[in-house]
Structure formats: structure tokens, C-alpha cells
There are 2 protein chains.
Amino acid sequence: MSESFRIPDEISISDVAQTAGVSVATVSRVLNGHTNVREPTREKVLAAIAASGYRVNELARNLRTAESRLLLTMVPDFGNPFYSAIVRGIDSVARQNGYFMLLCDTGADPGRERSYFDLLRGRRADGAICLDPAAVQKALAEEASALPWVACCEFDPAAGVPYVGIDNHQAAGDAVRHLLGRGHKKIALINSGHGYLYGRQRAEGYRDALSAAGIEADPAWHIDLDTLDYAAGEAAAHTLACLQNNRPTAVFAVSDTLAIGVINGLRGAGLRVPDEVAVVGFDDIAVAAQIDPPLTTVAQPMRELGETAANLLLKRLRDPHAEVPGVLLPHKLMIRRSA
Amino acid sequence: MSESFRIPDEISISDVAQTAGVSVATVSRVLNGHTNVREPTREKVLAAIAASGYRVNELARNLRTAESRLLLTMVPDFGNPFYSAIVRGIDSVARQNGYFMLLCDTGADPGRERSYFDLLRGRRADGAICLDPAAVQKALAEEASALPWVACCEFDPAAGVPYVGIDNHQAAGDAVRHLLGRGHKKIALINSGHGYLYGRQRAEGYRDALSAAGIEADPAWHIDLDTLDYAAGEAAAHTLACLQNNRPTAVFAVSDTLAIGVINGLRGAGLRVPDEVAVVGFDDIAVAAQIDPPLTTVAQPMRELGETAANLLLKRLRDPHAEVPGVLLPHKLMIRRSA
DNA sequence: CTGAAAGCGCTAACAT
DNA sequence: ATGTTAGCGCTTTCAG
């Protein structure tokens, strides 16, 4: 089972030093690739390491060097495919720069988010990227503002935290104008809860595009949801379908998951998409192009969003005093068959 | 470099001790909730902590206590919704037991998986749950077998690593028998690459169910893919659709993402589901019930899978010598409209 | 080129 | 009840 009751890897640098017949300093030098070690010595050390199966205790190293080379990414819900492409972008630049990226699911809960920020405070991670709702971020804005983190997708430009995202107001306007261009005048909005900044911005974009066209929306067409589940979208569609006398002919959902649920709900209510009701979504997640009819939606540059966020963070890590800008990336309307 | 440039939170336990006029031991005692501290003393310490904004350096604490209370979960691709429910199960039991769970995306790459295992070796995490392909796990089986980890969904019963999963052979058989029961005799199999154990097991389940019914499958109906992308399923559907003289009337895909792609591809080829071709998937991800037609699929108990994996790991952490069993959880065929 | 020694921030005996 | 002290395993001056 085991040596004589010590688990195999209780070997420390001094054990290695001893069997190699050198000092711990020398072992440390070869461990870190320092050049000032004579070849024979280095080889002795390497041999001792190999023979013992020694592994650096990163905890000790991190304590000494005061860095962990770990980055955290916090998402409100990693069940939402929207985040995966972003996270992959973050991961790839982190990796290229010698960092590990670890993902945390906060469930959009301030308490949980806070606990992950504690990993930062406790020096167990060097920095973080937060995709949580702006409201959640705000909950710890003051106390966390000194911490090395950046906001992605959701951000408060006034918070003094570096961020990257898109112009949601404009993007929502583009979606609505596309619907307008197809002759729709009765356009519903299916939005997420008020915790999300993007929700407020897209709602404004929707409203502004409508009023610019001289159209006034029926309040009954404006539905606020507290989740982005498919099921929530489905339920919203039923609500809309029941508006007998004044049913909208189009709906703009602020998330593809919602939009997909809406299409399903419409189908359940016997309404055909896009003939009777057109639907446009937001994000352009992978499955959006797979469903029937393929979803017209506003594509976010997900991978670039992630890469940019990671680069901003890295920059901030290199120079804590650097002015890190907020950046907005371009979106793009993907016209498919649902609208 | 620093000294005069110290960032605000360079405060250590001894600073606190000093301003509180006590020893570091006492500060440590109140930090850890030990009872043998007089109330007035405790209050002095608490005040000093609050005044300074002091935060425990977890790195130092971890080094001293030799545990990090961090758990790692490695997935081959967190873009696949199948994993999110499992991960959520893991997360919740980890949290209940005072552990943080952090997610790693290995991209099914042995090199990356290895680097995450290094976090374990370097004592930066206490344990891990691995959902990677069995082949990837195997790549480091020997060297990693001493490490505290468990396998989830993908596992090699002979590897000596605790695991949890389902009976893939049986589950695939159930799917195929359902198709058989509907009168299908020409049933295609769309499988993932050979790296996945579940792929081999489900292929066998498929074959066995078929031969038990006295049916021999045309080799052209057996398509192996090297990804689970929607697009791959779509492409496979086209291949199948082109089998003019001997086109299958049903397809069993080993993943819902594949099945959804297949349905889309079939539609593109002008074939109606389920009338002309029936489709059954595997996993029962959230979107499976949303598409048209709703997908018939084999549901895995995803959340329980995750919870069980976490419990096995925790058990192993508590007692490294405990015999931790392999466990198989029940699956369930969800009959919807696609087959 | 190599070693001795200090110390990162904390916890836990061991004293008092 | 509180303080003193010895490390956890490592990196890094500072000497030689």
C-alpha cells in the first residue's frame, strides 16, 4: 500500500537536496532553470528528482513569490451556451500567457460571487474576469474595486472597472429595425430581469427604435422574465399568443435561449414562425442555426469578447497602475429564417 | 522595488497583532474561532482586523494546514450542455461541504488534462473529478492513480479509480429496442470517436440489440465522428440521406447535440422526421425538448451523476484508504416525437 | 558556482 | 488566557 505510512509524495526540496548531496538553494536553481549551475551538479539534482518522484509544492512557491498564476472567470450560469465561447476565448489567452483559467459558477448570486472574490483576496488567484449581472457586481463594487478584475459583457462604465462588451442599445435597435423593415409594427420584447444591465440597454434600444419609427408599443407586449431558460421563453410565448385582439406579429427576445423557447411556445399555440409571428434572438449560440426555422439573431463576437477581457486583465496584472480602457466590440445581425 | 509602493492589502497577521497589542497566536485563535480567548481580547483583535481591512493569506494557511479546500472538475468541452447539469451537481455538494469547485476545460487534450492534474500534484487543489474521455484518462493512469480523483461518466472499471456513470450498453439497447418496437429495421448509428468509452459501449449495445432481433446492420449506416458538434451531426445526416438504395429509416445518435444536427441535416435533405426518418438521441439536454419535433432520447441522471461523483471524492479525501466503489445510476428513455 | 540563512504568512505545540 | 517558537516548502539575497 505505501512506503511505511507516508504517502509517496511527501518529498520536499530538502529531501532532494540531501540525496543529491547539494543545498536546497541549488535544487531551487535547477528547478527554476537558472543558468549558474554547473552541468554535473544539475544532472545530479535532476537524477535525484527523477528518482524520488519529487514535485514542487506550488503552495509554498506561491507563498514565496506572492503569485499563483491562476485566473478566475465567474459566470452566472454555465448552463447557458452563450458563455462557453467567451470562456474559451479567455482560456486560450490565459494559457498562452502561462496562466491557468478556472471557471466559477456564481448562479448570479452575490453571496457566491463574493466568496469567489475571496479567493482573490486570499491570494489564491491573481485576477478575475466577471460576467455576472451588473447588479451583482455592484453589490461588492466598492470593496472589490482595488482587486485585479475586469468585467465582461456586463459592466458599469462608471464603476472604474475595466470592461469589454458590445453596444447593446445599438444592437437591439438593429434587431428591431430589421423587423420594422419587414413591415412589422406590433413588436413584442421579451427581456430578462432588471439585474442585467444589458437588459435595460436592449430595452431602451428597442423603445428608441420603435419611437424613431413613430410606433408606440402596447405595454402588454413587454414581458420581463427572471431567467433565460428555454421554458421561460416558452411560457412568454403562450402569454403573447393569448393576446387575441392585439397579438404582436413579431417578437424580439434578448437571448437565443429565450427565443428558442418562444418559437417552441408559438408552435405549441399553433402559430407559425415566421409567417404568423417573426422571432429574433440575441447572441447567436451554436444551436440557433440548427433549429427550425433557423433563428435570426444578433451575433456577439463571443470569442473576441473573452480574449479581450483576458488581455485587459493581463495588462492590469503586469502594471497595476496602467490605465485600462473600456472597450466595445462590434456585433452583427445574422438574418436567417425566423424573421 | 516595493516598500514605499506597497499596495494597501499587504497587511499580515503580525500587523494586526501589533495594533491589537496581542500576539499573532491570539489573532490566529480568533481567526479560527477558537474558544479560549477572553471576550475583551477577541474584541480588540476584531477591531484591529476591521480597522486594517486585513485578510487572511490563504496561501500561507494552506501551506501550513496542507489543504486548499479546492476541488477541480475537468470536462472535455464545457460548450456541451450535457456537462452543465452534472457540474452543477458537483458544485452543490462541494459547496455544502465547505469546498470550492473550480471547472477546467481540457478540450479532451491529454496534455491539458495533465497540466490540470499538476495543480493536484502541486497541492493547489485537494481533489478532482474527471469527465474526460477514458482514453485521455488512461494516458496518465499509472502516474495519477495515487492522486485523489474520481471518474465521472467515462471510466475504466479496471483502472482502480472510483467512478460513477450509467450502463451505456443497456441504455443504447433500450433506445434501439424502442426503434425496433416501432417497426424500424434499418437503423443507423451515429457515434463519437473511439476515444470515448461510452461510444464503444453504446455501439455494442446497438449491435447486440440488433442481432438479438435477428437484424444485420449495413456497415454504411455506422458513422463515426470525431466531435459532438451540431455541424457534425448535420453532415452525417447528409451522408445518410444520400444512401439512395438503402437509406435507413431511423437513426440513433449517441449524443443529443449530434441528434439535433441530424434532424437539421435531414430537414435540409428534404426528409421528414419522424415520418421518413426517426431520430433518437442521448443525454436529454435542456434544448432536446424544445426543438421540432421534440427529441426522443435517453435521459441520464445528470445532477445525480455529479452529486455522486462529488460524494465519492469527498469520501476518498476523508479517508484515503477507504474502499470507494464504482457506481452505476439508472437512465431513462424519454419518448417524445422524433421517434 | 554553491551554500547558509532569512523569511513569505500562517498554525500549533509548548510554555507561562 | 495568552505568548513564544518552530516550522510548512520554497526562493532569494548575501557570502564565499
Colleague: Is there a side-chain polar atom (N or O) of A:Arg61 under 4.0 Å from OP1 or OP2 of D:dT11?
Modeller: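 For D:dT11, OP1/OP2 do have a side-chain N/O of A:Arg61 under 4.0 Å.
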Colleague: Under a 3.5 Å distance rule, please check whether B:Ser28 uses its side chain to pair with a backbone N or O of B:Val24 as donor and acceptor.
Modeller: no
Colleague: Which of these nucleotides, C:dC10, C:dC1, D:dG3, is closest to any side-chain atom of A:Thr41?
Modeller: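 Closest nucleotide among those given: C:dC1.
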Colleague: What's the closest nucleotide to the side chain of A:Arg29 if the choices are C:dG9, C:dG3, D:dT2?
Modeller: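 Nearest listed nucleotide: C:dG3.
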Colleague: Can you figure out which of D:dG9, D:dT4, C:dT11 approaches the side chain of B:Leu31 most closely?
Modeller: C:dT11
Colleague: Ignoring the backbone of B:Ala25, work out which of C:dG9, D:dT2, C:dA13 is nearest its side chain.
Modeller: C:dA13
Colleague: Would you say B:Thr26 reaches D:dG3's phosphate, i.e. side-chain N/O to OP1/OP2 under 4.0 Å?
Modeller: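 The answer is yes; a side-chain N or O of B:Thr26 sits under 4.0 Å from OP1 or OP2.
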Colleague: Return whichever of B:Leu59 or B:His34 has its heavy-atom-nearest nucleotide of DNA chain C closer to the 5' end.
Modeller: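 Here B:Leu59 is the residue nearer the 5' end.
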Colleague: As a quick check of understanding, evaluate side chain to side chain contact (heavy atoms under 4.5 Å, CB included) for A:Leu317 and A:Leu71, giving each step before the final call.
Modeller: CA-CA 11 Å; A:Leu317 253 25; A:Leu71 262 28; 4.0 Å; yes
Colleague: Which listed nucleotide (C:dC1, D:dC10, D:dA6) is nearest to the side chain of B:Arg64?
Modeller: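 Among the listed nucleotides, the one closest to the side chain of B:Arg64 is D:dA6.
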Colleague: Ignoring backbone atoms, test whether A:Arg38 places a side-chain nitrogen or oxygen under 4.0 Å from the OP1 or OP2 oxygen of C:dT2.
Modeller: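 Looking at the OP1 and OP2 atoms of C:dT2, one of them is under 4.0 Å from a side-chain N or O of A:Arg38.
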Colleague: Assess, by modelled atom type and distance only, whether the side chains of A:Ser68 and A:Asn62 contain a donor and an acceptor separated by less than 3.5 Å.
Modeller: no
Colleague: I want to confirm an ordering. Mapping A:Thr65 and B:Glu39 to their closest nucleotides on DNA chain D, which one lands closer to the 5' end?
Modeller: B:Glu39
Colleague: Using the ring of each side chain (for Trp, its six-membered ring), is B:Trp149 parallel, tilted or perpendicular to B:Phe117, with breaks at 30° and 60°?
Modeller: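 Taking B:Phe117 first and then B:Trp149, their aromatic rings stand perpendicular (interplane angle over 60°).
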Colleague: Looking only at side-chain atoms of A:Val24, point me to the closest of D:dA1, D:dT11, C:dA4.
Modeller: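 That would be D:dT11.
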Colleague: Indicate, yes or no, whether a donor-acceptor pair under 3.5 Å links the base of D:dG9 to the side chain of B:Arg123.
Modeller: no
Colleague: When all nucleic acid strands are considered with a 4.0 Å heavy-atom cut-off, which category describes B:Asn57: base, sugar-phosphate, or nothing?
Modeller: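 Counting heavy atoms under 4.0 Å across all strands, the contact made by B:Asn57 is with sugar-phosphate only.
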Colleague: Heavy atoms under 4.0 Å, any strand shown: does A:Asn32 hit a base, just sugar-phosphate, or nothing?
Modeller: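 Result for A:Asn32 = sugar-phosphate.
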